[in-house]
Protein chains: 2
Amino acid sequence: MDTSVICPRFESAISLLSQRWTGLIIYQLLSGPQRFSQLTEVIGISGRLLSERLKNLESNGLVIRTVHPETPVRVEYQLTEKGMSLKPVMDEIQNWSQHWVDLTETK
Amino acid sequence: MDTSVICPRFESAISLLSQRWTGLIIYQLLSGPQRFSQLTEVIGISGRLLSERLKNLESNGLVIRTVHPETPVRVEYQLTEKGMSLKPVMDEIQNWSQHWVDLTETK
DNA sequence: TATAATAGGTTACATAAAGTAACTAAAGAA
DNA sequence: TTCTTTAGTTACTTTATGTAACCTATTATA
């Protein structure tokens with residue numbers, strides 16, 4: 001018998017957050033709506049993956065994409081209420097990192 | 001110019017947590033020390049990756065490995081203080097997941 | 001003595017995800 | 001008509017993950 005012991009909601013949440021870049025994208029968007037190019041520069045992610053991740057976040061209801069038809073086009077990404085509500089999670093990670101991460105450690 | 005804007009400690013922390021399985025392993029160990037085989041069964045991870053992840057967590061000071069030379073051998077993994085201090089992070093993820101994760105959604 | 005059982009891994013190989021760099025689309029500016 | 005700029009996409013390489021068979025140490029069993 002295979003009785004899954006780990007809470008499926010938790011498992012679903014952590015599978016989202018443990019996708020590479022996703023946490024950083026949400027963290028970055030917590031400081032306000034941002035354009036595609038800003039995100040690539042600040043986070044250091046390629047266009048290919050940023051595009052893929054943003055589509056995923058959009059389809060999960062965490063992010064909204066807005067196209068401003070200016071010239072050149074401006075596309076902004078912002079968190080939904082669901083996305084914003086991850087702030088306490090990010091705050092705790094931030095808090096933990098201040099206490100425990102030693103930047104001199106070899107990676 | 002390339003001024004990294006994201007806090008390097010946060011980046012380091014999230015790169016640890018965004019490794020596949022790592023969050024689940026820590027979450028599971030928060031409920032107490034556990035053996036290798038227990039972890040594979042509960043989490044649903046292969047021996048190969050569990051071994052790799054536990055070594056990584058050990059070298060990062062989050063987990064301690066204890067060998068009990070019984071028959072057959074019993075090896076237990078438990079969180080260090082540094083590992084335990086991730087509880088608030090896990091609690092917030094858990095909390096978020098209860099509010100926002102809809103299990104009927106298509107993956 | 002030989003065989004088997006059990007826990008905790010490791011190895012070799014296949015598949016999936018991520019990194020990289022060049023390319024494209026749209027739209028107004030020169 | 002050609003050039004710029006933003007926001008992607010495509011094709012290809014490299015790395016990470018999944019899978020299953022195998023290995024080792026220790027002791028119980030035939």
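Order of the sequence lines sets the chain letters (A, B, ...), proteins ahead of strands, with each chain counted from 1.
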- Item | Within one Ile-Leu-Val-Met-Phe-Trp-Tyr cluster: L29(A) and V5(B), side-chain cutoff 4.5 Å | yes

- Message: Can you see if the side chain of Y77(B) gets near the phosphate of dG9(C) - specifically, an N or O under 4.0 Å from OP1 or OP2?
- Response: yes

- In numerical order, the residues of residues 25-39 of chain A whose heavy atoms come under 4.0 Å of DNA chain C are none

- Figure out the CZ/P separation between R74(B) and dT6(C), and round it to whole Å. 17 Å

- Message: If hydrophobic clusters are built from ILVMFWY residues whose side chains come within less than 4.5 Å, do I64(A) and L54(A) share one?
- Response: no

- Message: Taking V101(A)'s backbone N and O only, do any of them form a donor-acceptor pair with K82(B)'s side chain (distance below 3.5 Å, no angle check)?
- Response: no

- Query: Rounded to whole angstrom units, what separation is found between the CG atom of L54(B) and the P atom of dG8(C)?
  - Reply: 11 Å

- Under 4.0 Å protein heavy-atom contact, by nucleotide of nucleotides 15-30 of chain C - B base, S sugar-phosphate only: ---BBB------SS--

- Helical bend (five base pairs per end, nearest 10°) for the helix from dT1(C)-dA30(D) to dA30(C)-dT1(D): 30°

- Task: Provide the full list of salt bridge (Lys or Arg N to Asp or Glu O under 4.0 Å) pairs with a residue in residues 87-100 of chain B, sequence neighbours left out, each pair given once.
- Result: K87(B)-D91(B)

- Residues forming a salt bridge (Lys or Arg N to Asp or Glu O under 4.0 Å) with E70(A), sequence neighbours excluded: R74(A)

- Message: Can you give me the closest heavy-atom contact between P88(B) and S85(B), atom names plus distance?
- Response: CD-O, 3.3 Å

- Write down the distance between NE2 (H68(B)) and P (dT26(D)), rounded to a whole number of angstrom. 16 Å

- Task: Tell me, please, which residues at least two apart from Y77(B) pass ring-ring contact (aromatic ring centres under 6.0 Å, His included).
- Result: none

- Any side-chain N or O of K55(A) less than 4.0 Å from the OP1 or OP2 oxygen of dA7(D)? no

